[in-house]
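For reference, the structure discussed in these notes is given below.
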Number of protein chains: 2
Amino acid sequence: MEPLQSQGSMTDRATSALRSAILRGDLEPNTLHAVHTVAESLGVSRTPVREALIRLAAEGMVRVQRNRGFVVLRHSPRDLVEIFSLRLLLEVPATRAAASLATPDDVAALDADIARMRDAMAADDAELFLREDRQFHRTLLSISGNERLTEFVDSLRNVVLSSGVSTANRTESIGEILEPHLELLRLVRDGKPTEAAASMHEHLVSTGHKLLTQEFGDEAAASFADALGAYEA
Amino acid sequence: MEPLQSQGSMTDRATSALRSAILRGDLEPNTLHAVHTVAESLGVSRTPVREALIRLAAEGMVRVQRNRGFVVLRHSPRDLVEIFSLRLLLEVPATRAAASLATPDDVAALDADIARMRDAMAADDAELFLREDRQFHRTLLSISGNERLTEFVDSLRNVVLSSGVSTANRTESIGEILEPHLELLRLVRDGKPTEAAASMHEHLVSTGHKLLTQEFGDEAAASFADALGAYEA
DNA sequence: GATTGACATGTAACATACAACACGTCACAT
DNA sequence: ATGTGACGTGTTGTATGTTACATGTCAATC
């Protein structure tokens, strides 16, 4: 398992340790695991691990079975479809709002995020790049003013993070991921809500499609398109 | 505090006991509370209460302050605006999807929910009515096929429940709340996605507006309208 | 041979003991 | 009078002991 980072409460550390262990695939999905095992391998007591599991269960990453253990829920194509549908329903209108509300300070913050993405790209650090990508989306969404929306969308990405990394590696250069973000920044800066929303829509559909195709094949990607169709007018 | 219902784990029971205590206003907001106090008054140890607090913190109902206690977060007009914005962004498209996907079984389930709402109305049980109202929305949303969407929207209602009760009592008869649901059922049954979506939109805007007006006045309601404007094209 | 039930085993759920921490208070020095 | 620091108090955070439960096994019975 572990390294177990060196800040925050034990519970916090256990939470992120578990999250990355799960995303790395270190904890076999659909199998019963015992809390005490994990606790030992992390070098903490059972309590913080248990509390971390309660959080992760709320996020839908694990399920706790009474007096039996917990299982890591393997995410299916259906999960990805759900997540990208939700992101589309929320991020597109939020982007529209952001473009019509953004102050110069907001634009500067987005700019700073992009700069950090560039740095990560230069350092060829895919994991860092993904973290900064995520931060860019957070910043953008928070401009809309809806804190709950920002938090929820961000939490959705916990389920997909590892897949995201592999996307970056396999199907396109990091630079190709950067481009849509530059476009978003430009449209938000220039106060073009409709265009910004369209750009976000396109960005998410394309990312979701790529992810689904590479993880589960063309069939799954097609079901994504179907699902989207039902929501739209 | 308590009665503490008689099924489920201690943690489950503590969670719902706390939730209703908070919504009833038994735990003063913006004040530090100690876990051991609550645990005593519930007759359980601190552990399940603590675990319940972790869940409620994830829902945004409380905030835990390290080594100090926890505070009940008083929801502001802003919270209500956020929540109804999110519900609009999600429930309207989900209703559209539901109307285009619903099977006869789904319609029957909705019909059963409505019947239970009628029963609650006949028994003049406002609290039960609200629970059934919530169940109707759950059923409707789950027809869309997006489980995460259903759960998230449902969780948003935890914050508003008590206000909802007072809405029912003060500003309109229960019968007037039933009507929009009947219309939704009709439009979903007849497979009219666009009309169903419009009906849900109208229903949510109207409910949100009423709630905000009665809780915080016209000014707050106006800010709701403003917020919606930014999301829409 | 199939079915049932007692029991052993492993587990989470819960209670409790202990340590670390944040904060208020009060004495003391300046 | 004011600032500073030690200390007391109340609280969580964490560890660990204890209880109750879900399940698999295996023997007894039909």
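Worth knowing before you read on, the calculation uses all heavy atoms, side chains too, and leaves out hydrogens, waters and symmetry mates. Per chain, numbering begins at 1; letters A, B, ... match sequence-line order. Keep in mind it's a predicted model, so treat the numbers as computed, not measured.
On a pure distance criterion of 3.5 Å, a polar donor-acceptor pair joins the side chain of Thr47(B) and the base of dT16(C).
Leu27(A) places a side-chain heavy atom less than 4.5 Å from the side chain of Leu18(A).
With sequence neighbours excluded, the residues that form a side-chain hydrogen bond (donor to acceptor under 3.5 Å, both in side chains) with Glu151(A) are Arg138(A). Judged as a side chain to side chain contact (heavy atoms under 4.5 Å, CB included), and not counting sequence neighbours, the contacts of Leu88(B) are Val92(B), His201(B), Leu204(B), Val205(B), Phe224(B), Leu228(B). Listed by chain and number, the residues in a side-chain hydrogen bond (donor to acceptor under 3.5 Å, both in side chains) with Arg46(B) amount to none (sequence neighbours excluded). By the side chain to side chain contact (heavy atoms under 4.5 Å, CB included) test, Pro77(B) pairs with Leu212(B), Phe216(B), Ala220(B), sequence neighbours left out. Residues passing the side chain to side chain contact (heavy atoms under 4.5 Å, CB included) test with Arg148(B) are Asp79(A), Glu82(A), Ile83(A), Leu86(A), Leu156(A), Val159(A), Asn146(B), sequence neighbours excluded. Under the side-chain hydrogen bond (donor to acceptor under 3.5 Å, both in side chains) criterion, His181(B) pairs with Asp133(B), His137(B), not counting sequence neighbours. Listed by chain and number, the residues in a side chain to side chain contact (heavy atoms under 4.5 Å, CB included) with Val153(B) are Arg87(B), Leu90(B), Glu91(B), Leu141(B), Leu149(B) (sequence neighbours excluded).
Applying the ring pair (Phe, Tyr, Trp, His ring centres under 6.0 Å) test to residues at least two apart or on different chains, the pairs with a partner in residues 33-62 of chain B are His33(B)-Phe70(B). Annotation: salt bridge (Lys or Arg N to Asp or Glu O under 4.0 Å) contacts involving residues 48-58 of chain B, sequence neighbours excluded, comprise Arg50(A)-Glu51(B), Glu51(A)-Arg50(B), Asp12(B)-Arg55(B).
A side chain to side chain contact (heavy atoms under 4.5 Å, CB included) with Gln135(A) is found for exactly one of Leu110(A), Leu130(A), Asp113(A), namely Asp113(A).
Counting only heavy atoms from C-beta on, Ala34(A) has its side chain closest to dT11(C) among dA15(D), dC14(C), dT11(C). Checking dA12(C), dT14(D), dG13(D) against the side-chain heavy atoms of Val35(A) singles out dA12(C) as nearest.
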Close N/O contacts between protein and nucleotides 21-23 of chain C (under 3.5 Å):
none

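For Met10(A) and dA19(C), the CE to P distance is 15 Å, given to the nearest whole Å. The distance from atom NE2 of His33(A) to atom P of dA12(C) is 11 Å, rounded to the nearest whole Å. Counting to the nearest Å, the C1' atom of dT14(D) and the CG atom of Leu42(A) are 14 Å from each other.
Distances shown here put every side-chain N or O of His36(A) at or beyond 4.0 Å from the OP1 or OP2 atom of dA12(C).
In the region residues 49-62 of chain B, proximity to DNA chain D at under 4.0 angstrom, judged on heavy atoms, holds for Arg50(B).
Along DNA chain D, the nucleotide nearest to Thr11(A) and the one nearest to Arg46(A) differ in position, and the one closer to the 5' end is contacted by Thr11(A).
Five base pairs at each end of the helix from dG1(C)-dC30(D) to dT30(C)-dA1(D) define two local axes, and these are offset by 0° (rounded to 10°).
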